[in-house]
**Student:** 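Before I ask anything, here is the structure I am working with.
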Amino acid sequence: IATTPVNNDLFGCSVSVSGSTALIGAYGRVTNTGSAFIFASSAGVWSTTPVVELKGTNGGAAAAGDEFGYSVSLDGSLALVGAIGRKISGTPTGAAYVTTPKTTLWTNTNQIRLIATDGLNGDQFGYSVSISSSAGTLVIGAPSHKVTKNNQGAAYVFTGSGTTWTQQPLPDMAASGAAANEAFGSSVSLSGTTPVIGAPSKKSSQGAAYVFASTPWTITSANSTTFTVNTGGSFTVTTSGTPLPALSESGALPTGVTFTDLGNGTATIAGTPQPGTGDAYVITITAGNGVTQSASQTFTLTVNEPPTIS
């Protein structure tokens, strides 16, 4: 049970277990501020005293109406908790929180708050959550989000590890052809990088569920290009696969030329090579998220330098 339980705590409204650790939500605690409790077992015996009472404190003090603990998901040393009433810049869009142990101890200080980049009033972001630590992926439902129609709903994928997570460039995964009030995102589940999203109100509440299968990353652009000294050049790196990867490069580029990840599965190699940089530059371009298997390409940038006439 919760530490010092009181009426309307709603302890047990959401539950998740991973190995010898359990995570239990109580979103009604302290005037719907909400909490989530970590419990541990040893040799198959569960302690009835929580290890810690988690609260949504990252990004500002917890407040009445946050409803932290409305949804929970636990995988290994990662705890994901939804807070559907959390206000962001004064607007109750909802939020979710990832907490990890600091060294070996669970603590509220080792926490990050996640929000939707396109969050709207009443979205209920955090209504459903699921996390996979091994795949470095989590998914969060927002069933009241308006894409083009009210309450169509949305779900959001983040990739990362520990307390560093990045929303994928696509703003949301809205059901194709969704109508108003379908509540897409009411339930979510994740296996590896593959999320399943529920839309229980679709088609006069007949309901539906959607599987968004991930596909391996591939760098689809050519593996070489040519620039000329003192002349501006640009090359676009393109990729395929889902979710969209981050792009990076290792190796030396000529002075005046830079590599820029555009955040949408593409990058540019662009600039004006400076005098004296004529040569062939071999770099490695990598598509990935820093956690799961990445794709790489050996790329050659040839810089032509006209001869100097003295």
**Student:** With a 3.5 Å cut-off and no angle check, do the side chains of Ser20 and Ser41 form a donor-acceptor pair?
**Tutor:**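 There is no such pair between these side chains.
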**Student:** Would you check if Thr194 and Val211 make a side-chain contact, meaning some heavy-atom pair closer than 4.5 Å?
**Tutor:**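 Of all side-chain heavy-atom pairs linking Val211 with Thr194, at least one is under 4.5 Å.
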**Student:** Contact between Gln167 and Thr159 at the side-chain level, heavy atoms closer than 4.5 Å - yes or no?
**Tutor:**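 No, side chains not in contact.
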**Student:** So, does Gln152 use its side chain to make a donor-acceptor pair with the main chain of Thr148 at under 3.5 Å?
**Tutor:**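 Yes, the answer is positive, given that a donor and an acceptor are paired below the 3.5 Å cut-off.
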**Student:** For Thr21 and Gly19, indicate whether the former's side chain and the latter's backbone hold a donor-acceptor pair under 3.5 Å.
**Tutor:**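 No; zero donor-acceptor contacts below 3.5 Å.
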**Student:** For the rings on Phe299 and Phe235, is their centre-to-centre separation under 6.0 Å?
**Tutor:**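 Ring centroids of Phe299 and Phe235 are less than 6.0 Å from each other.
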**Student:** Indicate yes or no: does Arg29 engage Glu53 in a salt bridge with an N to O separation below 4.0 Å.
**Tutor:**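 Salt bridge between Arg29 and Glu53, a charged N being under 4.0 Å from a carboxylate O: yes.
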**Student:** Are side-chain heavy atoms of Ser221 and Ile219 found at a separation under 4.5 Å?
**Tutor:**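 Result yes, sub-4.5 Å side-chain heavy-atom pair found.
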**Student:** With Thr225, which of Thr300, Val237, Leu301 fulfils side-chain contact (heavy atoms from CB on, under 4.5 Å)?
**Tutor:**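 Exactly one option meets the side-chain contact (heavy atoms from CB on, under 4.5 Å) with Thr225, and it is Leu301.
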**Student:** Can you tell me how far OG1 of Thr91 sits from CG of Leu120, rounded to the nearest 0.5 angstrom?
**Tutor:**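 The distance works out to 9.0 Å.
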**Student:** Counting heavy atoms not belonging to Lys102, are there more than 12 under 6.0 Å from its NZ?
**Tutor:**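 Count not over threshold, so no.
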**Student:** According to ring pair (Phe, Tyr, Trp, His ring centres under 6.0 Å), who are the partners of Phe68, at least two apart in sequence or on a separate chain?
**Tutor:**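 Ring pair (Phe, Tyr, Trp, His ring centres under 6.0 Å) list for Phe68, sorted by chain: Tyr97.
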**Student:** Hydrophobic clusters here meaning ILVMFWY residues chained together by side-chain heavy-atom distances under 4.5 Å, can you tell me if Val229 and Tyr281 are in one?
**Tutor:**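 Yes, Val229 connects to Tyr281 through the hydrophobic network.
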**Student:** Determine whether Ile285 and Leu262 fall in the same hydrophobic cluster, where Ile, Leu, Val, Met, Phe, Trp and Tyr are linked whenever their side-chain heavy atoms lie under 4.5 Å apart.
**Tutor:**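 Not linked; separate clusters.
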**Student:** Output yes when a side-chain donor or acceptor of Thr220 lies under 3.5 Å from a complementary backbone atom of Thr238, and no otherwise.
**Tutor:**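 Indeed, once roles are kept as given, a pair shorter than 3.5 Å links the two residues.
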**Student:** Between the side chains of Asn110 and Thr100, is a donor N or O closer than 3.5 angstrom to an acceptor N or O?
**Tutor:**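 Side chains of Asn110 and Thr100: pair found under 3.5 Å.
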**Student:** When rounded to the nearest 0.5 angstrom, what is the spacing between CG in Asp9 and OG in Ser35?
**Tutor:**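 It comes to 7.5 Å.
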**Student:** Return the minimal non-hydrogen interatomic distance between Val188 and Ser128, and the atom names on each side.
**Tutor:**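 Looks like CG1-OG, 3.4 Å.
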**Student:** Are Phe158 and Leu114 packed together at the side-chain level, in the sense that at least one heavy-atom pair is separated by less than 4.5 angstrom?
**Tutor:**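 Yes; the side chains approach each other to less than 4.5 Å.
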**Student:** To the closest 0.5 Å, what do you measure between OG (Ser186) and OH (Tyr127)?
**Tutor:**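 Answer rounded to 0.5 Å: 5.5 Å.
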**Student:** Please give me the minimum heavy-atom distance between Ile115 and Arg113, naming the atom from each residue.
**Tutor:**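 Closest approach of Ile115 to Arg113, heavy atoms only: CG2-NE, 4.0 Å.
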**Student:** According to a 4.5 Å side-chain heavy-atom criterion applied to Ile, Leu, Val, Met, Phe, Trp and Tyr, with indirect links allowed, do Leu54 and Phe39 form part of one hydrophobic cluster?
**Tutor:**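 Hydrophobic grouping puts Leu54 apart from Phe39.
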**Student:** With rounding to the nearest 0.5 Å, note down the distance linking OG1 in Thr260 to CD in Glu249.
**Tutor:**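 Answer for the OG1-CD pair, Thr260 versus Glu249, is 10.0 Å.
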**Student:** Where is the tightest heavy-atom contact between Thr193 and Leu190, given as atom of each residue plus distance?
**Tutor:**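 Taking every non-hydrogen atom into account, C-CD1, 4.0 Å.
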**Student:** Look at the side-chain heavy atoms of Ile, Leu, Val, Met, Phe, Trp and Tyr, link any pair under 4.5 Å apart, and say whether Ile38 and Val15 land in one connected group.
**Tutor:**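 No.
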**Student:** Where do Ile84 and Phe125 land on the side-chain contact (heavy atoms from CB on, under 4.5 Å) test, with the steps shown first?
**Tutor:** CA-CA 5 Å; Ile84 62 172; Phe125 179 88; over 6 Å; no
**Student:** Taking all atoms of both residues into account, what is the closest heavy-atom pair of Leu23 and Ala36, and its distance?
**Tutor:**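 Nearest pair, atom of Leu23 first, then Ala36: CD1-CB, 3.9 Å.
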**Student:** Please check if the side chain of Glu305 supplies one atom and the backbone of Gly278 the other of a donor-acceptor pair under 3.5 Å.
**Tutor:**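 Between the backbone of Gly278 and the side chain of Glu305 there is a qualifying donor-acceptor contact (under 3.5 Å).
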**Student:** Can a donor-acceptor pair be found between the side chains of Thr109 and Thr107 at a distance below 3.5 Å?
**Tutor:**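 Yes, a side-chain donor-acceptor pair sits under 3.5 Å.
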**Student:** Show, in sequence, the C-alpha distance, side-chain angles and deciding distance for Thr286 and Trp217, and conclude whether the side-chain contact (heavy atoms from CB on, under 4.5 Å) test is met.
**Tutor:** CA-CA 10 Å; Thr286 301; Trp217 293 311; over 6 Å; no
**Student:** Under 3.5 Å, is there a donor-acceptor pair between the side chain of Ser73 and the main chain of Ile131?
**Tutor:**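 Yes.
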**Student:** Would you say Leu247 ends up clustered with Val257 if hydrophobic residues are merged whenever their side chains have heavy atoms under 4.5 Å apart, either directly or through other cluster members?
**Tutor:**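 Same cluster.
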**Student:** If you measure from OG1 on Thr31 to CG on Asp66, what distance do you get to the nearest 0.5 Å?
**Tutor:**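 Reported to 0.5 Å precision, the distance equals 11.0 Å.
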**Student:** Considering all heavy atoms of both residues, which atom of Phe259 and which atom of Ala267 are nearest to each other, and what is their separation?
**Tutor:**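 Result for this residue pair: CZ-CB, 3.6 Å.
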**Student:** Looking at Asn108 and Lys55, would you say the former's side chain and the latter's main chain have a donor-acceptor pair under 3.5 Å?
**Tutor:**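 Yes; judged by distance alone, with no hydrogens or angles, the pair exists.
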**Student:** Do any N or O atoms from the side chain of Ser18 and from the backbone of Gly76 form a donor-acceptor pair under 3.5 angstrom?
**Tutor:**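 Yes: the side chain of Ser18 pairs with the backbone of Gly76.
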**Student:** Side chains of Thr277 and Val303: does their closest heavy-atom pair fall under 4.5 Å?
**Tutor:**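 SC-SC contact between Thr277 and Val303 confirmed.
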**Student:** Between Asp75 and Ser133, is any side-chain donor less than 3.5 angstrom from a side-chain acceptor?
**Tutor:**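 Judged by distance alone, the side chains do pair up.
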**Student:** How long is the gap from CG on Leu10 to CD on Glu67, to the nearest 0.5 Å?
**Tutor:**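 Interatomic distance, Leu10 CG to Glu67 CD, rounded to 0.5 Å: 9.0 Å.
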**Student:** Testing the basics here: between Gly162 and Val98, what is the closest heavy-atom pair and its distance to 0.1 Å?
**Tutor:**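 Scanning both residues, the minimum pair turns out to be O-CG1, 3.5 Å.
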**Student:** Decide if atom CG of Asn8 counts as having more than 12 heavy atoms of other residues, nucleotides or ligands within a radius under 6.0 Å.
**Tutor:**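 For Asn8, atom CG is not crowded (no more than 12 foreign heavy atoms under 6.0 Å).
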**Student:** So do the side chains of Leu138 and Val157 get within less than 4.5 Å of each other, counting heavy atoms only?
**Tutor:**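 Sidechains of Val157 and Leu138: no contact.
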**Student:** Under the side chain to side chain donor-acceptor pair (under 3.5 Å) test, which residues partner Thr93, sequence neighbours left out?
**Tutor:**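 Here no residue qualifies.
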**Student:** Please check this pair: side chain of Asp261 against backbone of Gly263, looking for a donor-acceptor N/O pair closer than 3.5 Å.
**Tutor:**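 At least one qualifying donor-acceptor pair exists.
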**Student:** Taking C-beta and beyond as the side chain, do Asn304 and Thr226 meet within less than 4.5 Å on heavy atoms?
**Tutor:**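 Counting from C-beta outward, Asn304 and Thr226 do come under 4.5 Å.
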**Student:** With sequence neighbours left out, write down each residue that passes ring pair (Phe, Tyr, Trp, His ring centres under 6.0 Å) with Tyr27, or none if nothing qualifies.
**Tutor:**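 Scan of Tyr27 (ring pair (Phe, Tyr, Trp, His ring centres under 6.0 Å), adjacent residues dropped) gives Tyr70.
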**Student:** Please assess Ser144 against Gln124 for the test side-chain hydrogen bond (donor to acceptor under 3.5 Å, both in side chains), listing each intermediate value before the final yes or no.
**Tutor:** CA-CA 6 Å; Ser144 297; Gln124 295 189 306; 3.0 Å; yes
**Student:** List the steps, then state whether side-chain contact (heavy atoms from CB on, under 4.5 Å) holds for Thr164 with Ile112.
**Tutor:** CA-CA 7 Å; Thr164 302; Ile112 185 172; 5.9 Å; no
**Student:** For the side chain of Thr239 and the backbone of Gly265, is there at least one donor-acceptor N/O pair under 3.5 Å apart?
**Tutor:**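 Yes, Thr239 side chain to Gly265 backbone: donor-acceptor pair under 3.5 Å.
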**Student:** Would you say the side-chain atoms of Asn58 pair up with the backbone N or O of Gln111, donor to acceptor, closer than 3.5 Å?
**Tutor:**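 Looks like yes, one N/O pair under 3.5 Å.
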**Student:** Taking the side chain as every heavy atom from C-beta outward, state whether Thr99 and Trp106 have any pair of such atoms under 4.5 Å apart.
**Tutor:**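 A side-chain contact under 4.5 Å exists here.
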**Student:** Go through Ser201 and Asn181 one step at a time and tell me if the side-chain contact (heavy atoms from CB on, under 4.5 Å) criterion holds.
**Tutor:** CA-CA 7 Å; Ser201 299; Asn181 303 313; 5.5 Å; no
